[in-house]
Amino acid sequence: DVVCRHSGDEFIVLLHDASQWDEVAATADRLLAAMEQPALVQGRELAVAASIGVALYPDDATDPDTLVRYADTAMYAAKNLGRARYSFFRAEFNSQLLATQQLEQELRQALLNDEFILHYQPQVDAGTGQLLGCEALIRWQHPQRGLVPPLQFITAAEECGLIGELGAWTIRTACAQMQSWKAQGLSFGSVAVNVSALEFRSHRLVEVITQAMGEFSIQPQELEIELTESVLMTDTDTTQRIVERLHGLGLPLAVDDFGTGYSSLSYLKRLRPSKIKIDRSFVRDLPGDDDDRVLVQAIVQLAKAMGIRVVAEGVETDAQRALLHNIGCDTLQGYLISRPQP
Ligand code: C2E
Ligand code: CA
Ligand code: CA
């Protein structure tokens with residue numbers, strides 16, 4: 001990228017290959033944060049504020065002069081909004097930005113107000129129907145909008161850095177729930193929690209888990225960590241280290257949405273998950289779809305040969321249940337057995 005002085009106190013930052021407007025927004029955020037740091041000049045702290053205007057090539061204009069002019073217009077719009085802000089030349093980006101910022105603000109408040117809850121969806125033995133465990137799924141009990149599903153806020157929580165806190169809340173709440181079930185003499189097998197990519201690579205994950213397990217007297221086999229293939233595939237050295245620490249604690253790992261991420265299977269060997277969860281998209285069209293049947297069969301055989309348990313997700317019909325059982329899939333999860341329950 002290029003940073004240069006344009007005139008007076010105006011500077012131009014040229015971002016190459018910024019394909020998404022939100023990528024640019026993230027960079028503008030970083031620039032503003034960097035500008036906020038006071039500069040020490042001859043023993044005095046001086047603070048400088050910046051306003052940023054953004055024009056996008058080729059969406060807004062294709063020639064340099066027009067781009068600079070549009071960025072200038074957007075910069076004045078940013079100044080009008082107040083100090084230390086940025087603004088896009090195109091209004092629709094600004095409204096999307098506002099919506100995102102509002103959601104992030106609301107999420108922060110929701111954590112403070114304790115508006116999140118966990119629902120639990122059972123996993124049962126494919127043959128006997130016996131309860132083997134359940135998966136904890138987060139929901140947001142929004143005061144106006146009602147029960148908000150996770151796909152509407154997890155990404156925003158990741159983008160604004162709240163996912164760590166939200167993840168810690170999930171782990172602690174699941175552990176507290178287990179302790180309470182035990183106190184009532186109920187057996188539940190194990191509880192699986194979903195850990196998202198950013199949360200997984202944060203330094204605090206292992207600490208959060210260890211602390212919650214100690215506080216709520218949770219045995220390692222009772223808490224299962226669900227990770228997606230994309231998490232297990234990227235940044236392999238760090239991933240390997242964290243997985244080893246989780247193994248060290250004795251926690252079972254499950255690979256979520258198996259078959260939808262990457263086709264490389266070498267991570268199965270390196271990371272030794274105890275469970276694979278066959279994604280709902282392979283189960284949906286069973287038993288009719290021959291390709292899906294062959295794929296599911298192959299996944300089950302592969303897993304069995306490696307000593308990994310297999311869970312089928314999204315089981316909705318009795319025909320699916322019967323076929324999966326015949327194929328040799330150990331465990332079932334889906335609306336047929338139960339929807340996630342408070
Ligand atoms: P997932 O981990 O694949 O969770 C399974 C999703 O499938 C859940 O949606 C569940 O309600 C839904 N489901 C289960 N059985 C059936 C079925 O038979 N048919 C159909 N159509 N759907 C079924 P939900 O609760 O909306 O969660 C969506 C995703 O949000 C989850 O996908 C997971 O990736 C993420 N998520 C949920 N809770 C958490 C959390 O605490 N932390 C993180 N990082 N992600 C979470
Ligand atoms: Ca999951
Ligand atoms: Ca899944």
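Keep in mind that the numbers below use all heavy atoms, side chains included, and drop hydrogens, waters and symmetry copies. Start at 1 and go down the list; that is how both ligands and their atoms are numbered.
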Ion pair check, [X] and [Y], cut-off under 4.0 Å:
| X | Y | result |
| --- | --- | --- |
| R69 | D72 | no |
| R108 | E165 | no |
| D257 | K277 | no |

Notebook entry, point to check: What protein N/O/S atoms sit under 3.0 Å from the Ca ion (ligand 3), by chain and number?
Noted result: D256 OD1, D257 OD1, E313 OE1, E313 OE2
Notebook entry, point to check: Within a distance of under 4.0 Å, is there any protein heavy atom near atom 45 (N) of ligand 1?
Noted result: yes
Note to self: Under 4.0 Å from atom 2 (O) of ligand 1, can you find at least one protein heavy atom?
What the structure shows: yes
Margin query: Between ligand 1 and E135, can you find any atom pair, the residue atom being a heavy atom, that is separated by under 4.0 Å?
Written below: yes
Notebook entry, point to check: Is it true that R139 lies under 4.0 Å from ligand 1, counting heavy atoms only?
Noted result: yes
Regarding [atom]: of the candidates [options], which has the closest heavy atom?
| atom | options | value |
| --- | --- | --- |
| atom 38 (N) of ligand 1 | I138, V283, D279, V193 | I138 |
| atom 33 (C) of ligand 1 | T260, N194, T228, L227 | N194 |
| atom 6 (C) of ligand 1 | Q152, E199, R280, E313 | R280 |

[X] heavy atoms, cut-off 4.0 Å: which ligand 1 atoms fall inside?
| X | result |
| --- | --- |
| V315 | 18 (O) |
| I154 | 43 (C), 45 (N) |
| E316 | 17 (C), 18 (O), 19 (N), 20 (C), 21 (N) |
| Q121 | 14 (C), 15 (N) |
| G334 | 15 (N), 18 (O) |
| T170 | 41 (O) |
| D257 | 3 (O) |

Checklist line | Sequence-distant partners of H247, side chain to side chain contact (heavy atoms under 4.5 Å, CB included), two or more places apart | finding: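 Result, side chain to side chain contact (heavy atoms under 4.5 Å, CB included) vs H247: V243, L253, R272.
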Check: Considering residues at least two apart in sequence or located in another chain, which fulfil the side chain to side chain contact (heavy atoms under 4.5 Å, CB included) criterion with A126?
Finding: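 Counting only residues at least two positions away or on another chain, A126 forms a side chain to side chain contact (heavy atoms under 4.5 Å, CB included) with H325, L332.
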Among protein heavy atoms, which sits nearest to [atom], and what does the distance come to when rounded to 0.1 Å?
| atom | result |
| --- | --- |
| atom 18 (O) of ligand 1 | Y335 N, 2.8 Å |
| atom 11 (O) of ligand 1 | P340 CG, 3.4 Å |
| atom 10 (C) of ligand 1 | L137 CD1, 3.9 Å |
| atom 29 (C) of ligand 1 | L151 CD2, 3.7 Å |

Next item on the list: Could you tell me whether E226 and ligand 1 have an N or O pair separated by under 3.5 Å?
Entry: no
Next item on the list: Tell me whether the centres of the aromatic rings in F88 and Y70 are closer together than 6.0 Å.
Entry: no
Check: Would you find more than 12 non-hydrogen atoms of other residues, nucleotides or ligands less than 6.0 Å from R204 atom CZ?
Finding: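 No - once you tally the heavy atoms of other residues, nucleotides and ligands closer than 6.0 Å, there are 12 at most.
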Check: Would you say the side-chain atoms of E313 pair up with the backbone N or O of G334, donor to acceptor, closer than 3.5 Å?
Finding: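 Here the side-chain-to-backbone pair does not exist.
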Checklist line | P150, portion touching ligand 1 at heavy-atom distance under 4.0 Å | finding: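 Side chain only; the backbone of P150 stays clear of ligand 1.
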Note to self: Does only the side chain of L336 get under 4.0 Å from ligand 1, or the backbone, or both, or neither? Count heavy atoms.
What the structure shows: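 No part of L336 comes within reach of ligand 1.
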Check: Which N/O/S atom belongs to E135 and is the closest one to the Ca ion (ligand 2)?
Finding: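 Output for this pair reads OE2.
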Next item on the list: Applying salt bridge (Lys or Arg N to Asp or Glu O under 4.0 Å), name anything that partners D114, two or more places apart in sequence or on another chain.
Entry: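 Counting only residues at least two positions away or on another chain, D114 forms no salt bridge (Lys or Arg N to Asp or Glu O under 4.0 Å).
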